[in-house]
Structure formats: C-alpha cells, structure tokens
There are 2 protein chains.
Amino acid sequence: MSSEVSCANCPLRRHAAFRPNEAAEIAFIERFKSRQRSVSAGASILREGERSDRLYTILSGWAFRHRSLGDGRRQILNFLLPGDFVGLQQELDHDAMHGIEALSDVTLCVFPRQRLWHLYQEFPSLAYDLTWLCAHEELIVDENLLSVGRRSAIERIGMLLIHLYKRAASVGIGGGDAIPLPIGQQHIADALGLSLVHTNKTLRRLHTLGLVELRGGTLRIGDLARLQRLADYHALPLHARPLI
Amino acid sequence: MSSEVSCANCPLRRHAAFRPNEAAEIAFIERFKSRQRSVSAGASILREGERSDRLYTILSGWAFRHRSLGDGRRQILNFLLPGDFVGLQQELDHDAMHGIEALSDVTLCVFPRQRLWHLYQEFPSLAYDLTWLCAHEELIVDENLLSVGRRSAIERIGMLLIHLYKRAASVGIGGGDAIPLPIGQQHIADALGLSLVHTNKTLRRLHTLGLVELRGGTLRIGDLARLQRLADYHALPLHARPLI
DNA sequence: CGTACTATTGAATCGGGTCAACGTCTGTGG
DNA sequence: CCACAGACGTTGACCCGATTCAATAGTACG
C-alpha cells in the first residue's frame with residue numbers, strides 16, 4: 001500500500017512545525033530507522049502490558065495512547081498525530097504502562113530502542129529534540145488532566161475539539177473550518193472521563209448551538225471564537241452562568 | 001539555614017534510586033549548577049504564567065506542580081520529591097504553563113537553562129538521564145489522569161496515598177508504616193479533581209476502616225495490602241460492590 | 001484569648017452516570 | 001433489491017456519587 005519513504009524527503013519536514021535538519025542528521029535518522037510499519041484503523045499498535053523495544057514516529061494517520069483498569073474502564077491519555085514520537089514513556093526492560101491504538105490507517109517509522117543511546121552520543125541536537133518532544137507531550141497530558149479534573153463536561157469537550165482542530169491544522173491536516181477527525185463519541189468520552197451517553201448529549205448541545213459538527217469522520221467548527229469563550233467560560237460557578 | 005552542598009557528596013546519591021555518576025559528570029554538574037535556593041513552606045517556586053530561564057532539582061522537601069483556571073479552580077498535576085527535576089516542561093522563551101509551590105521548606109539546585117544545550121553536547125549520559133526523568137514524570141501524570149478520569153473517589157485517594165507513600169520510601173523519607181506528608185486535604189482534593197468536603201468524608205471513611213491516618217503532617221498506612229486491594233477494586237460496577 | 005487556618009459534619013441539590021430503547025447507516029449475502 | 005447483523009449515534013427516565021452551602025469543632029500562633 002504505502003511505499004517506503006526516505007527520510008531525506010520525509011513529508012513531515014514540509015511543515016513549519018518541524019525544525020530543519022542537517023544532512024548528517026538526516027543520514028543518521030535514515031540509518032537509525034529500522035523500517036516502516038502500517039497499521040489499519042482500529043488495530044492495536046502496542047498492547048498495554050506488553051514489552052517492546054521499539055520507538056515509533058507517526059508518519060501519517062491518527063492514534064491514541066491509553067491506560068485501562070481491569071474492569072474495562074479506559075482512559076485515553078492523549079491523541080497522536082503525524083510527527084508525534086512514542087515509546088520513551090515506558091522504561092527499558094519493562095512492560096508498557098499504556099497501550100497505543102490506531103484511529104485511522106497509520107504509517108509508523110520504527111526505531112530500535114537499543115540504538116537510542118547511540119543517538120545521544122552522536123547527535124546531541126537530535127537528543128535535544130527528543131527531550132523537547134517528550135516535554136511537549138507531557139504538556140498536553142497536563143492540559144488534559146486539568147480538563148478532566150476541573151472542567152465541566154461542555155468545557156472539556158469544547159477544549160478537546162479546539163485542541164485537536166489546532167493540532168491538526170499545525171501539521172497541515174484539513175483546511176478552513178473543518179478537519180478529518182476519525183474518532184467516535186466513545187473516544188471523546190474515554191479521553192475526558194465522561195460517560196458515552198453524557199458525551200452524546202453534550203455534543204448534541206454544542207451542535208444545536210451551532211458551534212461544532214462532528215459527523216462522518218469530519219469535525220467542523222462553526223464558530224471558533226464563541227466555542228473558545230464557552231470552553232474557557234470559568235468566571236462564574238456553574239449554576240450562575242447564563243445559558244450561552 | 002541550609003549550607004551549600006557540593007555535588008560530589010550530594011545526599012541524593014546515597015539512595016539506590018539514583019545512578020552512580022562518574023567524576024567527570026559530577027564535575028560538570030557542579031559547574032552547571034548556578035546556586036542553591038531555599039523556599040519556605042507554602043511559598044511559590046514558580047508562578048503560573050511567569051517566564052523563567054531556570055531549571056530546578058529538588059534537593060530536599062516537598063512541592064507540587066499545578067495549573068489553574070481563571071476562577072480559582074486548581075488542578076495539581078503531580079507532587080515533587082527530592083531528586084525530581086522541573087523546568088523542562090515549559091518551552092524556552094515561553095511563559096510557564098504551570099506553577100510550582102512548596103509544601104514544606106524546600107531546597108532547590110538551580111541550573112541556568114542556557115547551559116542545557118552544553119550539557120547535551122558534552123555529556124550525553126546526563127542528557128539521557130534527563131530524558132528519562134522527563135519520561136518518568138509523564139508516567140506519573142498519566143497515572144494521575146487515569147485516576148481522575150476513571151476511578152471513584154475512594155479509589156483515587158487510596159491510589160494517591162499509596163503512591164506518595166512508596167515514592168517517599170524510595171528516596172529514604174520516613175520508615176515503617178509512616179511517612180511525613182506535609183499536605184492538607186485541599187491538596188488531595190486538588191490533585192484528584194474532588195471537592196474539599198467529599199475528600200474529607202472519604203478520608204474519614206478510610207480512617208474508620210483502619211486503612212490510613214493522615215494527621216499532623218504524617219501519613220500512616222494501617223494496612224497496605226488491604227488499601228491496595230480497595231484502591232484497585234475495579235472488577236465490579238460501583239453499586240454491586242460489597243462494603244469492603 | 002482572639003484571629004485564622006484547617007478539619008468535620010449534616011442537608012439539600014445537581015451534574016453526570018446507568019439503564020434501556022430506539023434510530024441510522026453500512027456492509028454482506030442471498 | 002431486500003433482509004439481516006453489527007457498529008455507532010440519540011433519547012428519555014431514573015438514580016447516585018459528588019458538589020455546594022452552611023455551620024461547628026479543633027489547632028496553631030502572635
């Protein structure tokens with residue numbers, strides 16, 4: 001299906017979000033990369049509790065990281081877009097604490113973990129980028145934790161959709177007021193610590209207000225400014241707020 | 001109050017949790033470190049939204065990282081113990097997205113961010129450690145997000161106390177079944193996305209069950225195994241669970 | 001002792017969860 | 001072309017875990 005792409009003309013490098021790499025760096029990455037892997041929508045990239053000595057970069061498609069409890073309750077930790085790096089979170093010689101699942105068909109670049117140390121020795125600039133990527137992902141998890149812990153259902157959903165919309169735009173996915181977003185309501189519920197039913201009702205409410213439309217794998221933002229105000233509407237206790 | 005300590009005999013290195021460093025590394029750290037800073041209990045180490053070009057290591061004491069909303073709702077992201085590293089999360093030339101506050105009197109080692117790049121060039125081993133530290137902190141935030149999103153109040157509190165108890169033990173704080181834990185119920189509430197009142201009632205319940213006692217800045221675990229079972233008690237829907 | 005936190009407790013209320021049906025859309029195969 | 005299955009979205013009724021409000025204890029300290 002998808003042919004191997006050389007790192008030199010990696011499609012990700014076309015976007016402003018990425019640092020331009022030097023030729024030597026690119027050559028190293030090319031050697032570091034062991035292969036490419038395709039995963040189809042809905043399939044598991046890494047099973048929770050499984051040991052893995054691989055690191056991944058998302059080359060194309062959507063995925064998410066999650067953890068779950070024994071009885072099935074599941075929490076999505078963050079969503080993964082092209083350019084995201086995964087695998088550092090788990091300790092070497094240790095089971096992964098999280099699972100990773102593909103939302104759409106996904107293409108991954110695979111790197112063997114063993115050679116990571118080599119990267120640190122030879123290319124401090126890449127090591128630096130890696131740390132930055134890791135720190136940045138934590139920032140995203142932080143934001144999600146703030147939402148789940150302290151925001152109301154409508155605020156949470158608003159924030160999440162805005163977040164995904166902006167992230168997608170930053171890597172050149174979608175255009176105008178809409179992006180392709182291959183997630184179902186259950187995913188939103190699991191990401192935000194809500195029940196499926198309540199997620200549906202809240203989403204419906206946002207739709208009625210003309211703020212968002214999520215259908216057929218497409219997210220359309222009706223009024224970004226108003227949605228942003230709603231999602232960040234935290235100046236009053238819940239019961240005292242006018243009905244937007 | 002606390003006198004400057006040379007990195008060579010850093011008290012943290014006494015504990016098994018830390019990698020033994022080579023002489024050259026230690027010498028570098030010593031040069032990297034710009035100074036030491038003392039912060040008293042309750043004071044702010046880094047204000048939310050403030051710009052800072054410093055990195056910190058907790059040398060002694062307890063602190064926490066948090067984010068909050070405009071109306072005062074606050075979410076504690078994670079607690080910081082001796083050996084924890086902070087500052088990577090915020091992007092260079094950017095306001096900090098989180099605040100850091102001292103729970104007890106805290107001593108910090110201060111490093112100027114500018115020289116970080118130098119560390120990556122000269123000591124890949126330290127760079128590697130740094131990435132590991134960052135990844136590890138994300139793991140902790142992940143765990144907390146799972147709790148807040150998907151666990152019941154009693155499970156959350158149980159998990160948090162167990163977590164703090166174990167972490168404290170791993171850096172040699174406290175002994176036996178008790179550790180000093182300089183946090184109030186409001187902190188627990190803010191860390192777990194609960195209200196103060198409900199936190200109190202749940203804590204009271206745990207106390208009545210003889211599982212924990214949190215008073216006067218000391219946490220005592222009555223029955224770790226039973227507490228662990230309670231906190232991880234996720235095989236049945238809430239209403240079907242026997243009353244422990 | 002008074003001031004100021006922090007912990008405790010009860011009552012009323014509510015946001016969100018659970019249960020249970022019912023649509024809607026797709027793909028599959030007869 | 002219809003019948004059926006399975007996945008996903010929608011809705012209403014009811015319930016409960018958790019929040020909010022309000023007031024009362026401790027406790028620490030100047």
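Since we're looking at a predicted model, the values are computed, not measured. To find a chain, count down the sequence lines: A is the first, B the second, and so on, and within it residues start at 1.
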Peer 1: Is there side-chain contact between A/I76 and A/E101, with heavy atoms separated by less than 4.5 Å?
Peer 2: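 Of all side-chain heavy-atom pairs linking A/E101 with A/I76, none is under 4.5 Å.
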Peer 1: B/Q228 and B/D232: side-chain donor and acceptor closer than 3.5 Å?
Peer 2: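 Judged by distance alone, the side chains do not pair up.
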Peer 1: Closer to the 5' end of DNA chain C via nearest nucleotide, is it B/I183 or B/V197?
Peer 2: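 Between the two, 5'-proximity favours B/I183.
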Peer 1: What nucleic acid atoms does B/G193 come within less than 4.0 Å of, heavy atoms only: base, sugar-phosphate, or nothing?
Peer 2: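 Touches sugar-phosphate only.
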Peer 1: A/D71 has an atom CG; how far is it from atom P of C/dT18, in whole Å?
Peer 2: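 Spelled out: CG on A/D71 to P on C/dT18 is 10 Å.
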Peer 1: A/L196 CG to D/dA7 P: how many Å, rounded?
Peer 2: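 Computing the A/L196:CG to D/dA7:P distance gives 14 Å.
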Peer 1: Output the rounded distance in Å from NE2 (B/H207) to C1' (C/dT9).
Peer 2: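 The distance from NE2 of B/H207 to C1' of C/dT9 comes to 16 Å, rounded to the nearest Å.
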Peer 1: Checking A/S68 against A/E48: is there a side-chain donor and acceptor pair closer than 3.5 Å?
Peer 2: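 Side chains of A/E48 and A/S68: pair found under 3.5 Å.
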Peer 1: State, to 0.1 Å, how close B/T202 and B/I154 come at their nearest heavy-atom pair, and which atoms those are.
Peer 2: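 Closest pair (atom of B/T202, atom of B/I154, distance): CG2-CA, 3.6 Å.
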Peer 1: Please check the phosphate of C/dA7 (OP1 and OP2 only) for any side-chain N or O of B/R204 closer than 4.0 Å.
Peer 2: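 No, because none of the side-chain N or O atoms of B/R204 sits under 4.0 Å from OP1 or OP2 of C/dA7.
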Peer 1: Separation of A/D190 atom CG from D/dC8 atom C1', in whole Å?
Peer 2: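 Rounding to the nearest Å, CG of A/D190 and C1' of D/dC8 are 14 Å apart.
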Peer 1: Base, sugar-phosphate, or nothing for A/L194, non-hydrogen atoms under 4.0 angstrom?
Peer 2: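 Here A/L194 touches the backbone only, sparing every base.
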Peer 1: Give the rounded distance in Å between these two atoms: CD of B/Q185 and C1' of C/dT9.
Peer 2: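 Computing the B/Q185:CD to C/dT9:C1' distance gives 12 Å.
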Peer 1: Looking for any heavy atom pair under 4.0 Å, which part of the strands does B/R215 touch: base, sugar-phosphate only, or nothing?
Peer 2: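 If one applies the 4.0 Å heavy-atom cut-off, B/R215 turns out to touch nothing in the nucleic acid.
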Peer 1: Take atom NE2 of A/H198 and atom P of D/dT11, then tell me their distance rounded to the nearest Å.
Peer 2: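 Atom-to-atom, A/H198 to D/dT11, this comes out as 15 Å.
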Peer 1: Distance check: side-chain N/O of B/N200 vs OP1/OP2 of C/dT8, anything under 4.0 Å?
Peer 2: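 It does, given that an N or O in the side chain of B/N200 lies less than 4.0 Å from OP1 or OP2 of C/dT8.
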Peer 1: Rounded to whole angstroms, how far apart are NE2 on A/H187 and C1' on D/dA7?
Peer 2: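 Computing the A/H187:NE2 to D/dA7:C1' distance gives 12 Å.
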Peer 1: Is any side-chain nitrogen or oxygen of A/Q186 closer than 4.0 Å to OP1 or OP2 of D/dG9?
Peer 2: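 No, outside the criterion.
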Peer 1: Please lay out, stage by stage, how B/R150 and A/D71 fare under the test salt bridge (charged side-chain N to carboxylate O under 4.0 Å, His left out).
Peer 2: CA-CA 11 Å; B/R150 289 306 184 196; A/D71 62 349; over 6 Å; no
Peer 1: Without decimals, in angstroms, what is the distance between B/I188 CD1 and D/dA18 C1'?
Peer 2: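 Between C1' of D/dA18 and CD1 of B/I188: 17 Å.
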Peer 1: Could you say whether B/K201 or A/I154 is positioned toward the 5' end of DNA chain C, judged by the nucleotide with the nearest heavy atom to each?
Peer 2: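 Its nucleotide being nearer the 5' end, the pick is B/K201.
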